[in-house]
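In listed order, ligands and their atoms are each counted from 1.
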Amino acid sequence: MRLRHIPGAEEKIAKSPYVIQDPSSEKGHWKERFGNDFPIEAEIGMGKGKFIMELARMHPARNYVGIERYPSVLLRGLEKREQIECSNIWFLCMDAKLLPEVFEKGELTTLYLNFSDPWPKDRHAKRRLTSPEFMKIYRQVLADGGTVEFKTDNQELFRYSLESIPAAGWEILSYTFDLHHSPLALGNVMTEYEAKFAGEGKAICKLVCR
Ligand code: SAM
């Protein structure tokens, strides 16, 4: 994602009522934060947040956490957040590497990775959000039987993930190289990037793993 720094983004995020400012203080207490026992799902790299906010509106009996590491990007999501009525979503401005500092094992049921940066160079492979390093991190916060859902237009990253995920001890439950023309399209919620790439005629890949 091309990043344009927005002056004052950090300050605005620090004052936002929709962002948790000290996420590590929530570890083990997320049910209290949401005020209910509903399952908690998170998107890593939510960008402007269309996907996760739409899920939150569609599923009032689930809770959502949108995670984005860049303040200038998250700020765009907050502008959208101000326009919707929703009590089941919070935002975090942090790197996914820190997930185990913020969530206890079992606090999350589902993780969404949508159009994650491909990091094509081999020497950057550890930064891919489907690398064995990150899959190990997800296991530390997901409930037993919890799932990761991954969508991308990048076939190379997708092929890499079809190997890296099982190699990290996960089971791939389903996958497709053409989501929008597959049974997995049922109930699919498009992300900002997905709408753009699909509009350009690109096929979207998706996998679900446990
Ligand atoms: N998910 C959105 C969508 O599909 O429209 C945005 C996709 S954008 C290409 C990827 C986003 O992931 C960027 O905003 C980037 O800053 C964020 N991101 C990448 N690595 C991350 C990490 N380790 N932790 C948190 N966010 C990350």
Side-chain angles (χ1 to χ4, degrees), residues 1-6 9-10 12-13 18-21 23-24 26 41-57 64-81 89-103 108 110-121 123-142 148-158 160-161 164-165 168 179-180 184-185 188-200 202-208:
M1 174 178 277
R2 183 174 299 167
L3 195 64
R4 190 178 300 138
H5 180 73
I6 301 175
E10 286 86 353
K12 284 182 188 152
I13 284 170
Y18 305 118
V19 180
I20 295 179
Q21 304 297 337
S24 56
E26 304 294 328
E41 308 186 347
E43 183 184 9
I44 297 174
M46 60 166 250
K48 296 178 193 166
K50 171 184 178 290
F51 172 82
I52 191 105
M53 283 187 252
E54 214 164 308
L55 286 193
R57 281 197 296 184
Y64 292 91
V65 181
I67 300 171
E68 171 54 53
R69 69 173 164 185
Y70 289 122
S72 296
V73 181
L74 178 57
L75 192 60
R76 294 294 178 228
L78 294 180
E79 286 162 5
K80 218 176 285 172
R81 173 67 184 87
I89 185 163
W90 285 99
F91 298 109
L92 307 180
C93 193
M94 63 169 229
D95 195 301
K97 278 191 295 201
L98 302 175
L99 280 171
E101 292 181 25
V102 171
F103 296 95
L108 294 173
T110 310
L111 279 170
Y112 298 99
L113 313 173
N114 291 320
F115 299 85
S116 313
D117 304 303
W119 296 108
K121 292 184 182 149
R123 67 189 155 91
H124 291 148
K126 284 185 181 176
R127 299 183 193 178
R128 297 174 194 151
L129 290 182
T130 51
S131 66
E133 289 77 8
F134 271 104
M135 296 309 295
K136 200 170 157 192
I137 288 174
Y138 307 150
R139 193 180 286 213
Q140 292 174 57
V141 297
L142 279 173
V148 172
E149 299 197 10
F150 171 52
K151 292 197 276 189
T152 182
D153 65 306
N154 189 305
Q155 300 244 343
E156 262 180 52
L157 178 64
F158 194 64
Y160 161 84
S161 306
S164 64
I165 291 174
L179 171 62
H180 295 173
L184 292 182
N188 180 52
V189 171
M190 290 235 246
T191 78
E192 263 114 2
Y193 270 64
E194 184 172 355
K196 177 173 170 282
F197 292 135
E200 292 168 2
K202 286 189 183 162
I204 305 300
C205 308
K206 176 172 180 176
L207 67 79
V208 179

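- Nearest-heavy-atom check against atom 24 (N) of ligand 1 across Gly77, Ala96, Ser72, Ala195 picks out Ala96.
- Checked against side chain to side chain contact (heavy atoms under 4.5 Å, CB included), Ser116 has the following partners two or more places apart in sequence or in another chain: Leu113, Leu129, Phe150.
- Remark: ligand 1 and Asp95 share an N or O pair separated by less than 3.5 Å (distance only, no angle test).
- Phe197 and Phe115 have tilted rings, their planes meeting at an angle from 30° to 60° on a 0 to 90° scale.
- Below 3.5 Å of separation, one finds no N or O of Ser116 facing any N or O of ligand 1.
- Here the side chain of Thr152 pairs no donor or acceptor atom with the backbone of Cys205 at under 3.5 angstrom.
- Between the side chain of Arg139 and the backbone N or O of Ala168, at least one donor-acceptor pair lies under 3.5 Å.
- Those atoms of ligand 1 with a heavy atom of Glu43 less than 4.0 angstrom away are 1 (N).
- Not a single heavy atom of Arg127 sits under 4.0 Å from any atom of ligand 1.
- The heavy atom nearest to atom 13 (C) of ligand 1, considering only Glu68, Met46, Lys48, is found in Glu68.
- Within 6.0 Å of NZ in Lys80 there are more than 12 heavy atoms belonging to other residues, nucleotides or ligands.
- Backbone and side-chain nitrogen or oxygen atoms of Glu194 are examined, and none is located within less than 3.5 angstrom of a nitrogen or oxygen of ligand 1.
- At least one donor-acceptor pair closer than 3.5 Å links the side chain of Asn154 to the backbone N or O of Glu156.
- Polar contact with ligand 1: present for Gly45 (N/O pair, distance under 3.5 Å).
- Per-residue contacts place Phe115 under 4.0 angstrom from the following atoms of ligand 1 (heavy atoms of the residue considered): 4 (O), 7 (C), 8 (S), 9 (C), 10 (C).
- Shown here is Lys202, whose NZ atom has more than 12 heavy atoms of other residues, nucleotides or ligands within 6.0 Å.
- The closest non-hydrogen atom to atom 27 (C) of ligand 1, taken over Arg69, Lys196, Lys97, Met94, comes from Arg69.
- Residue contact annotation: Leu113 has no non-hydrogen atom under 4.0 Å from ligand 1.
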